[in-house]
Amino acid sequence: MPTALATTHVAVDQPLDLPLTLESGQAFRWHNDGGVWSGFIEGRLLTLERDADGLHVTFDPATLPDADRAVRDYFRLDDDLPAIYAQLCEDERLSAAVQRHWGLRILRQDPWECLIAFICSQNSNIPRIAKMQETLANTLGEETSLGTLTRRAFPTPTALASAGETRLRELGLGYRAKYVAPTAEAVASGGLNLFALRAAPYEDAKAALIALPGVGEKVADCVLLFALDQLDAAPIDRWVRRALEDWYLDGQRLSYRDLWAWTRDSFGPYAGYAQQYLFFRRRETARAKGEGDS
DNA sequence: CCACGGCCTGATTC
DNA sequence: AGAATCAGGCCGT
């Protein structure tokens with residue numbers, strides 16, 4: 001089936017660093033080929049190129065008629081990043097992080113793909129998460145092409161559900177397969193409408209996610225922040241935990257819930273952005289100090 | 001409520 | 001070289 005290519009230009013008058021944002025560990029399936037990024041938005045293959053005043057987008061109008069809107073939604077271009085930065089920069093440590101990583105944005109991803117990615121993230125690392133996602137797509141996803149470019153979309157809930165735990169283990173998910181299979185089942189059966197959670201209050205949406213196997217507080221907060229419009233969700237992973245304990249809490253150990261409440265109180269409604277910057281900054285300083293640290 | 005060990009696997013370190 | 005250790009946690013006890 002031949003595809004007609006179309007292009008559009010999305011104006012960006014906000015901070016946006018494409019590689020920083022797309023490789024920040026929120027999304028795992030963007031490929032960079034000489035400054036041309038290929039990936040999926042709303043399940044449709046497209047390419048992105050950054051230029052001086054925005055993004056040059058190539059897409060298939062037959063499957064994605066409103067590419068301009070889709071791209072704006074995906075990069076959350078309606079978020080007033082300068083205002084968010086201004087608030088974060090009241091904190092000395094965050095101010096330094098923001099200046100070092102200007103243009104890092106939170107994405108609005110597809111919640112299904114995001115959910116599976118972060119279930120797979122436990123006890124893993126970014127390259128391996130990316131590898132698992134890519135393997136799932138290349139094995140169980142539908143082939144899609146855009147001009148001469150061909151990639152496979154992330155598998156549907158039905159596709160992952162029918163693959164089953166054993167097959168998912170063979171594909172390298174390890175013990176995560178026993179979480180992914182029933183989660184896919186739950187979503188495929190229509191028992192859980194992930195998109196509907198965007199309109200739900202934070203606690204309700206979080207409870208619905210945590211009810212799924214393999215989803216705890218941290219994974220739930222990742223999906224809430226990166227896909228479900230909850231900008232005050234603050235996933236606290238081991239890096240952010242260490243950052244908070246060492247830099248703000250004088251070494252004090254707190255529960256996940258207490259740390260979450262602390263970030264909410266300290267960084268306000270943009271705790272999610274604060275978290276993302278603390279994550280970056282902490283990893284950076286840990287590496288600089290020769291890894292081990294603490 | 002908190003603490004702890006086990007869990008797939010692959011890369012890196014000792 | 002081969003054994004530990006670690007990696008953006010979750011679950012059960």
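A note on names: the letters A, B, ... follow the listed sequences, proteins ahead of strands, and every chain is numbered from 1. Only this structure's heavy atoms are used, side chains among them; waters, hydrogens and symmetry mates stay out. Just so we're clear, the structure is a prediction, and the values are computed from it rather than from any experiment.
With the nearest nucleotide of DNA chain C identified for both A:G214 and A:D237, A:D237 has the one nearer the 5' end. Of the two residues contacting DNA chain C, namely A:S121 and A:P213, the nearest-nucleotide position lying further toward the 5' end is that of A:S121.
At a threshold of 4.0 angstrom between heavy atoms, the contacts of A:I129 with the nucleic acid are absent. Residue contacts shown for A:F280 are absent, as no nucleic acid heavy atom lies under 4.0 Å away. In this structure, A:G25 reaches the bases: a heavy-atom distance under 4.0 Å links it to at least one base atom across the strands shown. Using a 4.0 Å heavy-atom criterion, one finds that A:V215 contacts the sugar-phosphate atoms exclusively. Using a 4.0 Å heavy-atom cutoff across all strands shown, A:R283 reaches at least one base atom of the nucleic acid. Using a 4.0 Å heavy-atom criterion, one finds that A:L278 contacts no nucleic acid atom at all.
Between C:dC10 and A:R176, no contact under 4.0 Å exists linking OP1 or OP2 to a side-chain N or O.
On a pure distance criterion of 3.5 Å, no polar donor-acceptor pair joins the side chain of A:R257 and the base of B:dC2. The base of C:dG9 lies close enough to the side chain of A:Y175 for a donor and an acceptor atom to sit less than 3.5 Å apart.
Following rounding to the nearest Å, A:E217 (CD) and C:dG9 (P) show an atom-to-atom distance of 14 Å. Rounding to whole angstrom units, OH of residue A:Y277 and C1' of C:dG8 are separated by 18 Å. For the pair A:N125 CG and B:dT12 P, the computed distance is 9 Å after rounding to whole Å. The CD1 atom of A:I116 sits 14 Å away from the P atom of C:dC10 (whole-angstrom rounding). The separation between A:I236 atom CD1 and C:dG9 atom P is 13 Å, rounded to whole Å. Separating the CG atom of A:N123 from the P atom of B:dC4 is a distance of 17 Å, rounded to the nearest angstrom. At whole-Å resolution of the value, CG in A:D221 and P in C:dC10 are 9 Å apart. Rounded to whole Å, atom P of C:dC10 lies 11 Å from atom CZ of A:R238.
Checking C:dG8, C:dC10, B:dT9 against every side-chain atom of A:Q122, the shortest atom distance belongs to C:dC10. Set against B:dG10, C:dG8, C:dG9, the side chain of A:V219 has C:dG9 as its closest nucleotide.
A tilted orientation is assigned to the rings of A:W262 and A:Y248, their planes being inclined by 30° to 60°.
In summary, the aromatic rings of A:Y273 and A:Y85 are positioned with their centroids too far apart to meet the 6.0 Å limit.
When the P atom is used for both C:dT13 and B:dC8, the distance is 16 Å, rounded to whole Å. Atom name P, nucleotides B:dC1 and C:dG9: the rounded distance is 23 Å, in whole Å. Here the separation of C:dG8 from B:dG6, taken at their P atoms, is 22 Å to the nearest Å.
Not a single donor-acceptor pair under 3.5 Å links the side chain of A:Y202 to the backbone N or O of A:A233.
C:dA4 is paired with B:dT12 under the Watson-Crick or G-U wobble criterion, all donor-acceptor distances under 3.5 Å.
Ion pairing of A:R151 with A:E134 is present here, as a side-chain N (NZ or NE/NH1/NH2) and a carboxylate O approach within less than 4.0 Å. Using a 4.0 Å cut-off between a side-chain N of Lys or Arg and a carboxylate O of Asp or Glu, A:E245 and A:R242 do not qualify as a salt bridge.
Seen from the ring of A:W260, A:K206 counts as a face-on cation partner, given the 6.0 Å and 45° thresholds.
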